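Letters go in sequence order (proteins before strands), and every chain restarts at 1. A quick note: this is a predicted structure, and the numbers were derived from the prediction, not measured.
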Amino acid sequence: MERAAQNKTVFDPLKLREDFPILRRRVHGKPLVYLDNAATTQKPNAVIDALKNYYETHNANIHRGVHTLSYESTLMYEEAHEKAARLIGAPDWRSIVFTRNATESINLVAYAWGLRNLKKNDEVLITLMEHHSNIVPWQMLRDRIGIRLNYVRVGRGGELDLDGLRGLITERTRLVSVVHASNVLGTINPVKLIADAAHKAGALVLVDAAQSVPHLPVDVIDIGCDFLAASGHKMMGPTGTGFLYGKPELLESMDPFLYGGDMIEKVTMERSTWNELPWKFEAGTPDIGGAIALGAAVDYITALGPENVAAYEDELLGHALGRLSEHEWIKIYGHGGGERVGVISFNVEGVHPHDVAGVLDEEGIAVRSGHHCAQPLMADLGMDYAVRMSFYLYNTKEEIDLAVEAIKKAKRIFG
Amino acid sequence: MEPDQYEYILDHYKNPRNYGKIEGADATYEEGIPSCGDVVRIDVKLNDGVIEDVKYSGTGCAISQASVSILTDSVKGKSVRDILSMKDEDMLSALGKPISPVRFKCALLGVKVLKKALLAKTAS
């Protein structure tokens, strides 16, 4: 972590790259160029070492027994909650529930809050920009209890239709669930303004922050959201990690999500009472090692400064947009100005996105091709499938240039 | 992989053979790959256990569409048994270019659909 700390003032991606062992690997004989960071990110030594250290030195189940290892792992696990809380400005670490991923965080709200509090004809407002993870759980509630699910539209430039949003918030709206940064277009949505509009109508607000927390400063108090779903593995933590922030009084009032060990206060043959926050929502043995390693990822990003990460990625994004725009046969979707994280979806005229990604792979370059788990948005923008490049703090302009050269090769072959 | 190695695939991608549908086909099957959206439909006309005619339709990447074009070109006159005993390598080696394992599912979609069409027919 010392190296990262030194980089707080001077952001040196070449130096940072040394922290990521996987970036030394070659693919098809070429150096790996990893531009699929919206799917998952690579892990620095600090995270890999934290995982290894936990299993080599501390491994024991938490909240059980009085032995030393159990005590240590409990402390480390709780500390990981504190780190996640600090990263997103949550005043109370007990308002952080660890989950497997952002999808599970949203499902937790749908099941533990939605099933109990929503009634037939209540409205949940989402947007057309959502990942499937913030669509399908609400469709489940629609089918089970007859809520209405409404969508805010997205303009060609990739911005949410905010006037439309205000019109769609009615007295029946109970929840507005909105993505902070789009995994397809990169659009950063004005979640603070949306939360304000929702609260005025008495609705709660859930922010899907899977693509924002890893890339820019996020503060739940400033946003004013009631829930925030985050991914651990998209911010250098291990896969299988994520978390949910909820206002403590809301979490207190909610039913549990999963039932069993560690989430109870007392169990008799007839009934059970629930443990305190956040354990009420963390049934069973959690991914202790993963959570502790996620804490190391939070340390890494905190030492760099989320604002510095955001500034550097914006530089990469500007460079990539410039290079891709040099070719009229590359169609970029939804970059009509406004704030973006480092995500670009595009198509190469006359070439199937899968073939573009295939040629890039032969050059050692990893990009995503497909529907990006956002089929309603893709359909609305008139692209069933697209190629997506997404950046992180260890990418360089040189890598983007290599990708552009490979895209030109794909155009030569297939176009 | 250099551009010229794609020549055979590109030829079939841009000039698909046996593209279309068969009225009154003896066997028809359609399947896609949900993660990438490629879809292939195959219609087969059989005569005494032998493929008399075959046509395909669908959309997708060059590898999936060219593979099914190449496949349909090679199976006329072959028996159902020949087709059902085809191995993945038989299809992959017919493409004129080494295919990266990440693209296997594209390249093998056509043969999978053809086998399912024939299996459904055999079962009925």
Side-chain angles (χ1 to χ4, degrees), chain A residues 26-30 32-36 39-40 131-132 136 183-184 345 347-379 381-388 405-415, chain B residues 1-17 19 30-41 56-71 88 91-113:
Chain A
R26 298 176 86 83
V27 172
H28 302 302
K30 314 264 172 66
L32 168 67
V33 173
Y34 188 78
L35 300 176
D36 194 16
T40 197
H131 186 279
H132 293 162
V136 186
N183 73 311
V184 177
S345 287
N347 266 315
V348 175
E349 200 181 274
V351 189
H352 193 283
H354 223 63
D355 295 319
V356 176
V359 172
L360 265 63
D361 179 62
E362 288 174 2
E363 301 295 321
I365 302 167
V367 294
R368 170 93 192 257
S369 66
H371 54 57
H372 314 307
C373 299
Q375 285 175 314
L377 172 66
M378 306 284 282
L381 291 173
M383 50 163 173
D384 286 334
Y385 304 96
V387 188
R388 180 185 69 189
E405 286 311 307
I407 293 165
K408 283 154 79 174
K409 184 174 174 184
K411 175 70 175 168
R412 278 199 304 277
I413 297 171
F414 291 103
Chain B
M1 224 49 61
E2 288 319 303
D4 56 345
Q5 287 188 272
Y6 278 101
E7 218 168 276
Y8 187 55
I9 285 171
L10 281 170
D11 176 37
H12 275 268
Y13 181 49
K14 294 185 172 170
N15 313 292
R17 325 291 204 269
Y19 195 91
E30 178 176 315
E31 191 172 302
I33 305 174
S35 62
C36 68
D38 292 359
V39 178
V40 164
R41 169 188 156 134
Y56 84 94
S57 49
T59 54
C61 65
I63 306 291
S64 73
Q65 301 302 303
S67 299
V68 66
S69 173
I70 290 165
L71 174 73
D88 289 352
M91 186 69 238
L92 295 172
S93 63
L95 300 178
K97 167 194 182 303
I99 297 289
S100 161
V102 296
R103 308 296 301 276
F104 281 0
K105 70 179 191 313
C106 313
L108 297 172
L109 177 61
V111 69
K112 182 174 161 195
V113 169

Might you point out which heavy atoms bring [X] and [Y] nearest each other, and give the distance in Å?
| X | Y | answer |
| --- | --- | --- |
| B/Y13 | A/H352 | OH-CB, 4.1 Å |
| B/K14 | A/G415 | NZ-O, 3.4 Å |
| B/P34 | A/H371 | O-NE2, 3.4 Å |
| B/V102 | A/D361 | CG2-OD2, 3.8 Å |

Is atom NZ of A/K408 surrounded by more than 12 heavy atoms (other residues, nucleotides or ligands) closer than 6.0 Å?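 Counting neighbours around NZ of A/K408, more than 12 heavy atoms of other residues, nucleotides or ligands fall under 6.0 Å, so yes.
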
What pairs of residues pass the salt bridge (Lys or Arg N to Asp or Glu O under 4.0 Å) test when at least one of them lies in residues 100-111 of chain B, not counting sequence neighbours?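 Pairs touching residues 100-111 of chain B that pass the test: A/D355-B/R103.
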
Please state whether the side chain, the backbone, both or neither of A/Y385 comes within less than 4.5 Å of a heavy atom of chain B.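 Contact with chain B: side chain only.
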
Heavy atoms under 4.5 Å from chain A: which residues of residues 56-64 of chain B carry them?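 Those residues of residues 56-64 of chain B which have a heavy atom under 4.5 Å from chain A are B/G60, B/C61, B/A62, B/I63.
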
